[in-house]
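For ligands, and for the atoms within them, numbers begin at 1 and follow the listed sequence.
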Amino acid sequence: MSGSLNAFGHIAISDELVTFLRTAQSVTVLTGAGISAESGIPTFRDSQTGLWAKYHPQELATLQAFTQNPDLVLDWYRWRRGLVARAVPNSGHLALAVMEQCVPRFTLITQNVDGLHARAGTKNILELHGSLQRMRCSAANCKFSLPDWPEETTPRCPQCGALLRPDVVWFGEALDPHVLDLAVQASRSCQVFFSIGTSGVVEPAASLPYEALRAEATIIEINPQPTPLNIYAKYSFLYPAGQVLPILAATVWPDSS
Ligand code: OAD
């Protein structure tokens, strides 16, 4: 079923969906870069602007790139941290924080490293791909991590002397197995699974909606572009998340929005 426009040209939420969500006991949400697009953070598969237009994220977000040219990779992450610091959570992030307050069991799984869900007030967040906020030691056998970035241009680990790196998952790297395990459990045990603002092409996150589907959850997708998941979604809203989510929250939970 597709989300449609009502007679006033507004996004319409069907009575059936309102009743269903009001009585839902457990909701799991997966977000991707699209949820932060309306906060001015470019999505991964958008072209980059300015200084970084000549680089692909895939060329910079790798251990190989960091090993070959740490200053270049750290400068790119500093640029992204600057964008995020100037950004504010948008109405989509805020509506998900409202949803968490209204649903008995709520888990938000995000592929984003921008921290905007936490700044919007959501509490139960699984950051699958890490966080731009933190740094950690790049040596495989060293567990040192820092909650913020130090001032130095190319900071080194105070314990072992190796370079510090952003605490994010790079292409070709494994996810934190504990975080991934919690995400799989939350996907397998929910009644409703929202997929919001993700192209659904990067594993293992891309498989989570299918885990939910196998466990007979109802899939709801919000993305202006249809993705491979679209045909499995019982409800699909082909509109920006910052437009759909506030209307959805205000219609389903009018006293909390
Ligand atoms: P992508 O850049 O692949 O996809 C962004 C999705 O957001 C697209 O499907 C857009 O159609 C959609 N979109 C754009 N604007 C939107 C809006 N206002 N509301 C809702 N949706 C919108 O980003 P991800 O799917 O997050 O991983 O990419 C997944 C992973 O690929 C990233 O976490 C990153 C990258 O490789 C790592 O760095 C490990």
Subject >> Working for side chain to side chain donor-acceptor pair (under 3.5 Å), residues Glu221 and Thr227 >> reply: CA-CA 9 Å; Glu221 181 169 51; Thr227 74; 2.6 Å; yes
**OP:** Tell me, with the steps shown, if Asp71 and Thr154 meet side chain to side chain donor-acceptor pair (under 3.5 Å).
**Re:** CA-CA 7 Å; Asp71 289 332; Thr154 319; 2.6 Å; yes
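Every atom of ligand 1 is numbered from 1 in the order shown, and the set under 4.0 Å from a heavy atom of Pro240 is 17 (C), 18 (N), 19 (N). Residue-ligand proximity, Gln225 to ligand 1, at heavy-atom distances under 4.0 Å covers atoms 11 (O). Distances below 4.0 Å separate heavy atoms of Pro224 from the following atoms of ligand 1: 13 (N), 16 (C), 19 (N), 20 (C), 21 (N), 22 (C). For ligand 1, the atoms sitting less than 4.0 Å from at least one non-hydrogen atom of Glu38 are 17 (C), 18 (N), 19 (N), numbered in the order shown with element in parentheses. Interface of Ala33 with ligand 1, defined as ligand atoms under 4.0 Å from a residue heavy atom, comprises 23 (O), 24 (P), 26 (O). Shown in contact with Gly197 at under 4.0 Å from a heavy atom are these atoms of ligand 1, numbered in order with element: 5 (C), 6 (C), 7 (O), 20 (C), 21 (N). Set against the non-hydrogen atoms of Gly32, the atoms of ligand 1 under 4.0 Å away are 26 (O).
A tilted orientation is assigned to the rings of Trp170 and Tyr77, their planes being inclined by 30° to 60°.
Remark: Arg80 qualifies as a cation-pi partner of Trp76 under the 6.0 Å distance and 45° angle criteria applied to the six-membered ring.
Closest of all the heavy-atom pairs between Cys190 and Thr28 is CB-OG1, 3.4 Å. When every heavy atom of Glu100 is checked against every heavy atom of Lys123, the shortest pair comes out as OE1-N, 2.7 Å.
Heavy-atom distances between Ala61 and ligand 1 stay at or above 4.0 Å for every pair.
Side-chain contact between Leu108 and Leu126 is absent, with no heavy-atom pair separated by less than 4.5 Å. Side-chain contact between Met135 and Pro150 is present, with heavy atoms from C-beta onward closer than 4.5 Å. Put simply, the side chain of Thr122 reaches to within 4.5 Å of the side chain of Phe106, judged on heavy atoms.
Of the candidates Val244, Asn223, Leu238, it is Asn223 that places a heavy atom closest to atom 10 (C) of ligand 1. By heavy-atom distance, the residue among Ala205, Gly34, Gly242, Ser195 lying nearest atom 16 (C) of ligand 1 is Gly34.
Only the side chain of Val202 comes within contact range of ligand 1, with a heavy atom under 4.0 Å; no backbone atom does. For Trp170, no heavy-atom contact with ligand 1 is shorter than 4.0 Å. Under 4.0 Å from ligand 1, the heavy atoms of Ala37 that appear belong solely to its side chain. Residue-level proximity to ligand 1 for His129 is carried by the side chain, the only part with a heavy atom below 4.0 angstrom.
Residue-to-ligand polar distances keep Tyr239 apart from ligand 1: every N/O pair is separated by 3.5 Å or more. Taking distance alone, with nitrogen or oxygen atoms compared against 3.5 Å, Ala241 approaches ligand 1 more closely than that limit. When only interatomic distances are considered, the shortest N/O to N/O separation between Thr198 and ligand 1 falls below 3.5 Å.
For the side chain to side chain donor-acceptor pair (under 3.5 Å) with His117, the lone residue among Asn124, Thr31, Asn112 that qualifies is Thr31.
In this structure, Leu132 is not a member of the same hydrophobic cluster as Leu175, with clusters built from ILVMFWY side-chain heavy atoms closer than 4.5 Å.
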